[in-house]
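For the single chain, residues carry numbers from 1 onward in sequence order. Ligands are counted one by one from 1 in listed order, and the atoms in each one are counted from 1 as well.
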Amino acid sequence: MKKILFAASEGNPFIKTGGLADVVGALPKYLDKKQFDVRVILPKYMCIPEHLKQKMTYVTEFYADMPRGQEYIGIFKTVSEGIHYYFIDNEHYFAGDSPYHQIFEDVNKFAFFSRAVLASLPVLGFSPDILHCHDWQAALIPVFLKEFYCNDVFFRNTKTVLTIHNQKFQGRWVIDDIENCRDLPTGCRYQAMEAYGESNFLKAGILYADRVTTVSETYAAEIQARDGGEGLDGVMRQVSGKLSGIINGIDYKEYDPKHDACLPSHFSNRSFGRKKRCKELLQQEMGLEKDPLAMVIGIVSRMTEQKGFDLVNCVMEELIDTMHVQVAILGTGEDRFESSFRYFAQKYPGRVSASISYSEALAHKIYAGADAFLMPSQFEPCGLSQLISMRYGTIPIVRETGGLKDTVEAYNEIWHTGTGFSFANYDAGEMLSIIRYAYSVFQDTPKEWTAMAKRCMETDNSWENSAGKYEALYGEIL
Ligand code: GLC
């Protein structure tokens with residue numbers, strides 16, 4: 001039995017701000033339990049919901065040598081859906097009402113977390129064959145492992161994998177100001193960790209990890225190119241031999257149109273007609289006109305530049321004025337996007353509805369009740385929403401980038417193939433014409449539309465598929 005430890009800054013159901021939590025919460029469940037003992041380690045944030053904290057049990061506590069002196073490390077654990085979770089406790093670092101604060105605090109916090117993970121494992125007696133680290137917050141684990149534990153028999157067989165969920169976030173700060181990195185060798189701090197004069201956690205992790213993965217093949221190629229590498233494209237090319245892309249899956253139990261508890265009506269591709277009821281109730285709940293003929297476009301997203309909302313803003317008026325569509329939006333994020341969606345909702349009551357909040361239940365209702373799902377991302381390492389919408393027979397309209405490109409096959413009206421609509425350039429006009437095309441298929445050839453929606457539902461984007469690829473990767477390393 002090989003031992004795997006996932007180390008990350010968030011994981012469902014304990015703490016979530018984005019797709020990272022979905023992956024960390026789901027993938028361990030799908031790895032072959034006969035071959036792998038997979039556990040997860042997370043910070044014990046004060047903001048983890050109380051009912052989940054109550055399920056944790058205290059394991060032990062100790063003091064570890066850190067640059068500030070001896071620091072407290074508490075370890076808690078719990079089992080969730082058969083997976084063992086460990087939590088690193090230290091209120092000095094993990095207080096507050098969210099997992100992330102100012103970057104200058106966060107770099108020090110996650111340097112502490114990375115060190116604490118390594119210090120805890122001998123205490124727990126869990127010596128992993130693979131330490132699978134996620135994003136910049138855990139990227140220093142391979143660094144501390146190689147710099148501080150290279151002669152430690154406990155870690156003799158430990159190999160490291162770093163998965164990049166978003167290359168834009170790198171954990172950068174003034175080198176000399178990161179207290180918890182101060183005792184790393186000068187060569188490491190000023191060379192491997194350095195990028196553009198700053199300390200860069202992700203870069204260091206990329207260089208020190210035995211293998212680097214990211215969450216789609218296209219994104220693995222994009223980050224090696226100048227305009228997609230967020231400044232690290234040179235490093236990515238340098239390590240291309242150990243870099244690969246593995247697409248994420250989604251949890252087919254959580255997102256299941258046949259049994260979803262959030263839905264008013266259940267359907268499958270055989271009883272596709274019942275999806276109509278979800279649309280009707282979505283229109284009602286979101287205050288949209290009750291109109292079966294309007295094409296409902298759903299958007300569920302963090303409202304950030306990455307997600308392409310400036311394109312949506314540019315064409316919203318033309319979209320509503322020239323097509324028989326409705327838009328249902330759910331999400332929170334940057335003020336400018338939140339306020340523009342509020343504005344459109346006021347300007348077009350019954351046609352545009354914006355819920356500036358986050359509700360898991362409403363998200364499910366949009367995924368299931370909409371006809372199309374819009375995701376015009378500037379870049380998208382994998383993207384989970386397009387996979388979820390496909391599962392509910394809601395046809396994605398996406399920009400051909402990263403995982404969107406790898407998971408949505410463009411509609412071909414001659415061959416009657418494809419699972420969505422896509423456009424290449426980050427351009428509002430191009431996006432509008434592809435929406436117009438989708439709209440014409442929806443209005444003029446509803447049978448084609450339904451057939452495509454059913455193809456979406458038949459596509460296998462479950463974790464089983466992708467978990468097999470991680471298993472193969474672990475196999476190669478071991
Ligand atoms: C990040 C990426 C997203 C990806 C998710 C999980 O949130 O932006 O594209 O799906 O991580 O890997």
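Nearest protein heavy-atom neighbour of atom 9 (O) of ligand 1: Glu380 OE2, 2.5 Å. Nearest protein heavy-atom neighbour of atom 7 (O) of ligand 1: Gly19 N, 3.8 Å. The nearest heavy-atom contact from the protein to atom 1 (C) of ligand 1 is His165 O, 3.3 Å.
Counting atoms of ligand 1 from 1 in the listed order, those under 4.0 Å from a heavy atom of Asn166 are 8 (O). Heavy-atom proximity to Asn248, at under 4.0 Å, picks out these atoms of ligand 1: 6 (C), 10 (O), 12 (O). The atoms of ligand 1 that sit less than 4.0 Å from any heavy atom of Val23 are 6 (C), 12 (O). Residue-ligand proximity, Gln306 to ligand 1, at heavy-atom distances under 4.0 Å covers atoms 8 (O).
Cation-pi geometry between Arg115 and Phe144 is satisfied (NZ or CZ under 6.0 Å from the ring centre, within 45° of the ring normal). Geometrically, Lys2 does not engage Phe36 in a cation-pi contact, judged by NZ or CZ lying under 6.0 Å from the ring centre and within 45° of the ring axis.
A ring-centre distance under 6.0 Å is found for Phe421 and Tyr437. Here the two rings, on His266 and His259, have centers that are 6.0 Å apart or farther.
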Please table the atom pairs, donor to acceptor, closer than 3.5 Å between any side-chain atom in residues 235-244 and protein atoms at least two apart or in another chain.
from: Arg237; atom 1: NH1; to: Gln224; atom 2: O; distance (Å): 2.9
from: Arg237; atom 1: NH1; to: Asp233; atom 2: OD2; distance (Å): 3.1
from: Ser240; atom 1: OG; to: Arg237; atom 2: O; distance (Å): 3.1
from: Lys242; atom 1: NZ; to: Ile206; atom 2: O; distance (Å): 2.8
from: Lys242; atom 1: NZ; to: Leu207; atom 2: O; distance (Å): 3.1
from: Lys242; atom 1: NZ; to: Ala209; atom 2: O; distance (Å): 2.6

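Here the closest heavy-atom approach between residue Met431 and residue Pro376 is recorded as SD-CB, 3.5 Å.
Considering backbone and side-chain N/O of Cys382, one or more are found under 3.5 Å from N/O of ligand 1.
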Does Asp310 form a side-chain hydrogen bond (donor to acceptor under 3.5 Å, both in side chains) with Tyr426? I'd like the steps, not just the answer. CA-CA 10 Å; Asp310 40 357; Tyr426 193 72; 2.4 Å; yes
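The shortest heavy-atom distance from Gly383 to ligand 1 is under 4.0 Å.
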